[in-house]
Structures are given as C-alpha cells and as structure tokens.
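Written out below as structure tokens is the structure these notes cover.
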Amino acid sequence: MTEKRKYTDSGIEVKPVYNASDVSGSTTIENPGEWPFTRGVQPDMYRGRLWTMRQYAGFSTAEESNKRYHYLLSQGVSGLSVAFDLPTQIGYDSDHPLSEGEVGKVGVAIDSIEDMQRLFSGIKLEDVSTSMTINATGFILLGLYVALAKQQGADLKKISGTIQNDILKEYAARGTYIYPPKPSMRIITDIFEWCSKELPKWNTISISGYHIREAGSTAVQEIAFTLSNGKAYVKAALEKGLDINVFGKRLSFFFNAHNNLFEEVAKFRAARRMWAKMMKELGATDEKAMMLRFHTQTGGSTLTAQQPLNNIARVTIQTLAAVLGGTQSLHTNGYDEALSLPTEEAARIALRTQQVTAYESGIADTVDPLAGSYFVETLTDEVEQKAWELIAKIDAMGGSVSAIEQGFIQDEIARSAYDYQRQIERKEKIIVGVNQFTIDKEETVPVFKIDDSIRTTQSERLQQLKAQRNTPEVAACLNKITIAATEESNLMPHVINAVENKCTLGEIADALRKVFGEYR
C-alpha cells in the first residue's frame with residue numbers, strides 16, 4: 001500500500017521523518033537577537049519580558065467599549081486594541097445615510113473628539129499601549145488620540161501604541177479603502193514623517209498579513225505579500241527623503257496564526273530573516289531598523305459556528321504557534337466569534353489561554369525552543385524560498401502597488417481560497433465538527449447582541465456637537481486640510497487642529513475626498 005503524501009497548508013510536502021541531511025548546509029543557527037533575527041529580536045525574549053497580551057475589543061458606543069477595556073485591564077491585559085465600526089473605517093459619520101445598519105456593529109463608533117474622550121474615560125494614555133485597527137482613516141484616529149493625550153496633559157514623547165495604517169492590503173484583501181493608492185501612500189508617509197519628530201515611541205504602521213490570510217491566502221503568500229507591501233512603504237518613505245534608520249524602527253507587522261503548528265512557527269521565523277535581508281538591501285545600517293517586530297492574532301477564519309467550544313482548542317494551538325514563533329504581542333479570539341462579537345466570558349477565556357501558556361506551559365522559559373529541529377529548520381528554509389519566489393514575481397511587475405492594480409495579488413489569494421474550500425468539500429482536509437465528527441444537535445451558546453438604537457444616540461450627539469461648536473472655525477480648519485492636501489504639506493498638524501476644534505471624522509474624510517477622489 002502506497003503511503004499517502006502529506007502537505008502543509010501552503011502545499012509544501014512533509015516527509016515522514018527529517019534528519020540532519022535535510023537541513024540546508026547554508027543554514028547557520030545564530031543566537032537570538034542577532035542579525036538576521038531568525039530566532040527572535042531579543043537575546044532573552046520572554047525571559048526578560050512576556051509578549052504583550054493585547055485583547056482586541058470595541059463595539060456599540062464609546063461608553064460600552066470603555067467598560068470592556070476597564071474589565072480587560074482588571075483581568076491582566078497589558079495593552080488595549082481598539083476595533084472600529086465600518087462607518088468609522090471608511091470615513092462616514094454615524095448619521096450618514098450609508099452608515100445605516102452598521103453603526104457600532106463590528107466595532108466602536110467614533111465620530112468626534114467627544115467620542116474619543118468617552119472611549120478612554122478613566123484611562124491615562126501615558127500608562128497604556130494602544131493599538132488601533134484602522135487604515136483609510138488611520139490618520140484621523142491618530143489625530144484624535146493625540147488630541148486626547150494633549151487634553152490629559154500627557155508627554156507625547158511617552159505615548160506608545162500602533163495604528164494599522166496599512167492601506168495596500170485593503171485594496172488586495174479587505175476593502176475598507178477611501179482614496180486611490182497614490183494619495184493613500186502620501187498620507188501614510190505624512191504620518192511617518194510627523195511621528196518621527198513628535199511621537200517617537202509610536203509604531204506608525206502595522207503592515208498586515210492578517211487580513212490577507214483571512215481572505216484565503218496560504219502561509220507563504222501571507223508573508224510574501226505582506227513583506228512586499230512593507231517594501232513599498234519603505235520605498236515611498238525613502239522617496240520622501242525620510243531616514244530608513246529612523247522610520248524603520250517604528251515599522252511593525254501583524255500576522256495571523258493558524259492551526260498547522262510547525263508551518264506557522266516556520267513562517268514567523270522566515271519572515272524575520274527575510275525582512276532583515278530586505279531592509280539591509282534597501283539601505284538600513286542600524287540593526288534595530290532591520291528587526292521585524294510583530295503582533296499576532298489567532299485565525300478568525302479557522303473558527304467554526306459548529307461545535308463552537310472546539311474553537312478553544314484551535315485558539316490554544318494558534319497561541320502556541322505565535323509564542324513558539326516569537327511574537328511581540330498577541331490577541332486570542334473568543335470561541336464564539338464565528339457567531340457574534342465575543343461575550344465577556346469568551347473574552348476572558350481567550351485571555352486566560354494566553355496566561356496559562358505564559359505562566360504554566362514552560363515554553364516562555366527558553367528562547368526559540370524549536371531551533372535545531374530538523375523539521376522546523378528545513379521548513380523555515382522552504383517557506384522562505386517559496387516566499388522569495390513570489391516576491392520576485394511582484395518585483396518584476398513593479399512592486400506591490402502595481403501588482404495590486406493589475407489584480408495579481410487578489411487573483412492569487414482567490415485561487416488559494418478556492419483550493420482550500422475544495423479540499424474541505426472533498427474531505428482531503430478535515431475540519432472537526434464541520435466535515436467530520438459532526439453531531440445531530442448543536443449546542444447553543446449565548447451570543448453578544450448590539451442594539452440598533454446606537455445610530456440614533458450617535459446622531460443626536462453629532463447634532464449637539466455641531467450646535468455648540470464654532471462653525472466658522474470648523475470651516476477654516478477643513479479648508480486648511482484641503483489646501484495642505486493640494487500643496488503637499490504634511491496633513492497631520494492640520495488634522496489634529498481640526499479635531500481639537502470639533503471637526504468630525506466624516507467632515508475631515510470628505511475634505512480629502514474633494515482633493516483625492518475615491519477609489520472604485
């Protein structure tokens with residue numbers, strides 16, 4: 001009987017056994033914290049400091065999200081991560097006709113500085129690290145955060161956190177873009193430039209493979225497309241005259257963790273090595289500017305609505321993959337997220353999964369514990385090789401922006417998603433509780449519901465805000481943004497001034513729509 005061949009999710013064949021002869025002769029296992037950082041960006045990794053346990057949360061009104069943040073902080077999270085609703089993500093206020101049915105549903109609704117005050121009520125921004133998953137309107141949310149920090153009397157040099165700010169993957173995989181690629185890239189480099197002077201501890205971009213993977217890519221495609229996007233942002237910043245050794249230290253990445261444990265560990269190790277080489281080629285000389293630092297979220301697309309409690313086991317495996325792979329920060333999904341936003345109980349179990357891993361498993365006690373494994377070292381090399389092959393194709397097209405405009409990246413992701421679904425349907429890939437080990441009667445779990453009245457509440461607040469603010473000052477602020485966009489001067493000071501004068505998110509986004517247009 002012929003033994004059935006085994007493959008990783010990226011189609012890399014897995015041999016029955018690995019020996020020293022499988023490991024590439026060129027592979028040298030350097031120490032952690034040494035270039036090219038295959039084994040991690042810190043010499044002592046989690047012995048010195050555990051990864052940041054950063055639970056992603058945001059829903060309904062700012063007050064409701066604020067309650068969840070205080071709860072998570074009381075339970076031991078070490079960083080906040082804000083989810084925004086769809087209108088906020090695409091630059092519409094809650095009272096806009098296109099916002100109907102979406103306000104507060106997949107995240108928190110933020111229309112103005114007053115909402116930002118409510119969102120972080122009782123939380124000193126100097127004392128927390130905040131990640132904001134926001135892209136097309138990332139510059140406005142950053143402006144709101146800075147304005148609030150100034151109101152709190154915070155030292156901006158001490159404010160730390162991240163905005164996702166990765167617009168290229170929106171065109172390729174997720175769809176929450178507003179402006180065409182070129183002006184969007186200009187906004188991003190404005191953020192790089194302003195933060196390098198005013199907000200030095202802020203991570204100005206989180207170059208995201210997460211949503212590329214959620215859209216159906218393989219592990220290899222996830223890092224190839226993400227690192228290609230990263231290269232495009234670096235080149236755009238260099239063209240603006242920025243110093244790669246300065247802005248390079250504030251670039252961060254955001255990856256997905258899926259169920260194929262060893263391929264995911266190999267993916268993280270390969271990505272660090274590849275980025276170090278890429279940054280060196282682009283002109284970086286400071287090793288800290290070559291370090292790939294990344295946040296990880298467990299795989300939302302791997303969660304099943306069938307037998308949802310099985311998701312606790314999936315999230316645990318994905319947590320191990322992220323930690324064994326050397327993540328700097330981690331969000332673990334709630335077991336109920338295939339059904340709704342996570343309940344408080346599900347969010348607590350997700351956080352406890354990280355805490356049990358950190359304090360009880362022993363895997364944080366030594367750095368890169370899988371290093372030297374014949375299988376893991378070989379797989380790291382193979383993932384890297386296949387990712388470089390994809391990057392070479394993108395480079396030949398003129399880089400990520402051009403590859404996206406030509407539809408190459410979108411088509412590659414769609415093809416992988418189709419192949420994966422076919423494997424499930426043919427039972428070539430077993431999904432427990434879905435196409436194997438099913439049950440006749442599904443267990444019911446409580447789901448988190450969002451009240452539709454939130455849009456009315458937000459709209460009434462907007463009316464009050466507009467009635468009380470200085471209307472001529474608002475018009476002047478918006479006009480300055482339009483002029484800055486036309487004259488190519490940095491937008492950030494004008495945006496911060498606008499939100500301080502109670503301009504709304506939708507008004508600022510519209511001011512730039514007049515200049516840049518919308519991407520269709």
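In this chain, residues are counted from 1 in sequence order.
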Strictly by modelled atom types, are Arg461 and Ser112 linked by a side-chain donor-acceptor pair under 3.5 Å?
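Note: Arg461 and Ser112 side chains miss the donor-acceptor criterion.
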
Distance alone, cut at 3.5 Å: any donor-acceptor contact between the side chains of Ser400 and Asn229?
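Note: Ser400 and Asn229 side chains meet the donor-acceptor criterion.
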
Name the orientation class of the two ring planes belonging to [X] and [Y] (parallel below 30°, tilted from 30 to 60°, perpendicular beyond 60°).
| X | Y | value |
| --- | --- | --- |
| Phe192 | Tyr233 | perpendicular |
| Trp202 | Tyr145 | tilted |
| Phe294 | Phe268 | parallel |
| Tyr171 | Tyr177 | parallel |
| Phe139 | Tyr179 | tilted |
| His96 | Tyr92 | tilted |

How many angstroms lie between atom [atom1] of [X] and atom [atom2] of [Y], to the nearest 0.5 angstrom?
| X | Y | atom1 | atom2 | result |
| --- | --- | --- | --- | --- |
| Ile163 | Ile134 | CD1 | CD1 | 9.5 Å |
| Leu390 | Thr218 | CG | OG1 | 7.5 Å |
| Ile191 | Leu491 | CD1 | CG | 9.0 Å |
| Ser99 | Asp85 | OG | CG | 7.5 Å |
| Leu292 | Arg272 | CG | CZ | 7.5 Å |
| Leu505 | Asp93 | CG | CG | 6.0 Å |

Which heavy atom in [X] sits nearest to a heavy atom in [Y], and how many Å separate them?
| X | Y | value |
| --- | --- | --- |
| His494 | Asn490 | CD2-O, 3.3 Å |
| Ala257 | Thr296 | CB-CG2, 3.7 Å |
| Met290 | Ala284 | CE-O, 3.2 Å |
| Cys477 | Asn501 | SG-ND2, 3.7 Å |
| Leu324 | Asp368 | O-OD1, 4.1 Å |

Taking the side chain as every heavy atom from C-beta outward, state whether [X] and [Y] have any pair of such atoms under 4.5 Å apart.
| X | Y | result |
| --- | --- | --- |
| Trp388 | Val220 | no |
| Arg39 | Met45 | no |
| Lys502 | Ile113 | yes |
| Gln463 | Asp95 | no |
| Thr61 | Glu64 | yes |
| His70 | Ile123 | yes |
| Leu251 | Trp275 | yes |
| Glu30 | Pro36 | yes |

Partner of Asn203 by side chain to side chain contact (heavy atoms under 4.5 Å, CB included), out of Lys249, Arg250, Gln164, His295
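Of Lys249, Arg250, Gln164, His295, side chain to side chain contact (heavy atoms under 4.5 Å, CB included) with Asn203 is met by Arg250 alone.
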
SB check Arg469 Glu114 (cutoff 4.0 Å):
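Salt bridge: no.
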
Qualifying residues under salt bridge (Lys or Arg N to Asp or Glu O under 4.0 Å), relative to Glu518, sequence neighbours excluded
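Once residues adjacent in sequence are excluded, the partners of Glu518 under the salt bridge (Lys or Arg N to Asp or Glu O under 4.0 Å) criterion are Arg513, Arg520.
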
Who are the salt bridge (Lys or Arg N to Asp or Glu O under 4.0 Å) partners of Lys514, not counting sequence neighbours?
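Partners of Lys514 by the salt bridge (Lys or Arg N to Asp or Glu O under 4.0 Å) criterion come out as none, since no residue qualifies.
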
Give the intermediate values and the outcome of side-chain contact (heavy atoms from CB on, under 4.5 Å) for residues Asn135 and Ser208.
CA-CA 10 Å; Asn135 297 284; Ser208 176; over 6 Å; no

Gln89 side chain vs Ala136 backbone, donor-acceptor pair below 3.5 Å
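Checked: no pair found.
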
Determine whether a donor-acceptor pair (N or O, by modelled atom type, separation under 3.5 Å) exists between the side chain of Glu263 and the backbone of Asp9.
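Flag set: sc Glu263 to bb Asp9 pair under 3.5 Å.
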
Check whether more than 12 heavy atoms from other residues, nucleotides or ligands sit under 6.0 Å from atom NZ of Lys277, and answer yes or no.
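For Lys277, atom NZ is crowded (more than 12 foreign heavy atoms under 6.0 Å).
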
Does a sphere of radius 6.0 Å around CD in Glu100 hold more than 12 heavy atoms from other residues, nucleotides or ligands, not counting ones at 6.0 Å or beyond?
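No, because the 6.0 Å sphere around CD of Glu100 holds 12 heavy atoms or fewer from other groups.
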
